[in-house]
Amino acid sequence: MDSAVVMKKTPLTALNIALGGKMVEFAGYEMPVQFAEGVMKEHLHTRAKVGLFDVSHMGQVILRPKSGRIEDAALALERLVPVDILGLKEGRQRYALFTDDKGGILDDLMVANRGDHLFVVVNAACKAQDVAHMRAHLSDLCEVEELTNRALVALQGPAAEAALAKFAPEVAGMAFMEVRGVQILSADCIVSRSGYSGEDGYEISVPDRAAVALVRALLDNPDVHPIGLGARDSLRLEAGLCLYGNDIDRTTTPVAAALEWAVQKVRRAGGARAGGFPGADVILPEFEKGAARRRVGIAPEGRAPIRGGALFADETSAVPVGHITSGGFGPTTETPVAMGYVDTALSAAGTRLFADLRGKRVAVTVATLPFITPRYKR
Amino acid sequence: MLKYTDDHEWLNVANGVATVGITTHAVEQLGDLVFVDLPEVGATLAKNDAAATVESVKAASDVYCPLDGEVIEVNDAIRNDPSIVNSAPQGEGWFFKLKLADASEAEALMDEAAYLALVG
């Protein structure tokens, strides 16, 4: 580890080290890539029982309407995202995208309506830019406050409900994408029923001073294991979820990224609040005519993971028809799994393509995402 | 005769044939293996040629040929179940057998004590 680089710590960094975490730099933070179990077992444990993830490096931001009316904060944020925020009910959370003038994606985020304010969670690597972006464009109507005194803990897996309900019985009754203020071990937490693994579970925003006690209490349960970023990545990849910077970025539009579902009808052409976000002139026509390329699942044949590189229509052609943006081995599927972009004409599930792997052409098939059956609470 | 390379391969030499694998230390660094690509039987390899590739859940790594020779056998069992390498890297998890061009060259490689000193 380069001692010249001073990595930022989360309220849980010392605990992660004490728990045997193998620490790496991620988005400027000292984060556990794995614990003693290793990526494979951590992944499988999360799908079987419960995984606990420190995701405190992510940005937590409050948008408080200066008028006191939540509608004003919602309409302000709608200037930056092609998403129906006004229609987001109190206690509900929704996936959103910051777009740029060319229709590209600046970041993906979660937005919750907390009654008198919006609560936003953004990616660690983008948070400084996102906060500046919101301050620049929303300050006429909102106070933009980054919460730097809270940790964020994800609890994911089929036994997550039982593990958290032990300390806060009311979370058992929460629906997928519901958000509530919940007292857990006397700390004021913000709990959402959501995650990034394809499993049922929660994300818990907890005051930094209460974070270690909460995590230790959760880990006292033998069903709950600490999980590193390695398994977080393989879990989200099997679940078909995008990693910002890999699968979506400024060169991908929402339609190319197959994220049409994130743009509600009310913001599309003909909708009551159509457009009005950066890049709408690029993004909205793509709902009619499609994008030139499209994000798809890629299932490599054989056992070799394909982590990146070009895709070809046949075994000999030199001209790529796409490329892989994320890839690895799926511990649950027991196969290599990947996602990437291909020419839209070749994006139908079942289309056979070839990937370059260390100079050899390996057959791959365009696959429907996700690779696993999600078990979100409905 | 058990020998080691500084690329973390081990080789057990008997009757001019080296059984080659990767060390316990290498496996600990790699984590769970999910894929092993082995050389063709009959391939003639030179010392330091990339002979095999292993993929862990994290990354791909090359396994280098420790000495000049011809591949006379590969361990198909680890192709079908790479986890054998994790559980027994210096036993059942061997990679390939190499008929050495000059068995005396093995003498110059590290012995176990030297290798263990290297990896600390």
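Quick caveat, the model's predicted, so the values are computed rather than measured. Chain letters run A, B, ... following the sequence lines, proteins first, then strands; residues in each count from 1.
- Considering only heavy-atom pairs separated by less than 4.5 Å from chain B, the leading option among A/G330, A/P305, A/P336, A/G230 is A/P305.
- Heavy atoms of B/A60 lying under 4.5 Å from chain A belong to its backbone as well as its side chain.
- Of all the listed residues (B/G31, B/A59, B/P82), the one sharing the greatest number of non-hydrogen pairs under 4.5 Å with chain A is B/A59.
- The environment of A/Y376 atom OH is dense: over 12 non-hydrogen atoms of other residues, nucleotides or ligands sit within 6.0 angstrom.
- The candidate with the highest count of non-hydrogen atom pairs below 4.5 Å against chain B, out of A/A304, A/G302, A/G38, is A/A304.
- When all heavy atoms of B/L33 and A/M40 are compared, the pair lying nearest together is O-CE, 4.3 Å.
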Between chain A and chain B, which N or O donor and acceptor atoms come closer than 3.5 Å?
{"residue": "A/Q34", "atom": "OE1", "partner": "B/K58", "partner atom": "NZ", "Å": "3.0"}
{"residue": "A/M40", "atom": "N", "partner": "B/D32", "partner atom": "OD2", "Å": "3.2"}
{"residue": "A/R303", "atom": "NE", "partner": "B/V34", "partner atom": "O", "Å": "3.1"}
{"residue": "A/R303", "atom": "NH2", "partner": "B/V34", "partner atom": "O", "Å": "2.9"}
{"residue": "A/R307", "atom": "NE", "partner": "B/E55", "partner atom": "OE1", "Å": "3.0"}
{"residue": "A/R307", "atom": "NH1", "partner": "B/V57", "partner atom": "O", "Å": "3.4"}
{"residue": "A/R307", "atom": "NH1", "partner": "B/K58", "partner atom": "O", "Å": "3.3"}
{"residue": "A/R307", "atom": "NH2", "partner": "B/E55", "partner atom": "OE1", "Å": "2.5"}
{"residue": "A/R307", "atom": "NH2", "partner": "B/S56", "partner atom": "O", "Å": "2.7"}
{"residue": "A/R358", "atom": "NH1", "partner": "B/E55", "partner atom": "OE2", "Å": "3.0"}
{"residue": "A/K360", "atom": "NZ", "partner": "B/D37", "partner atom": "OD2", "Å": "3.4"}

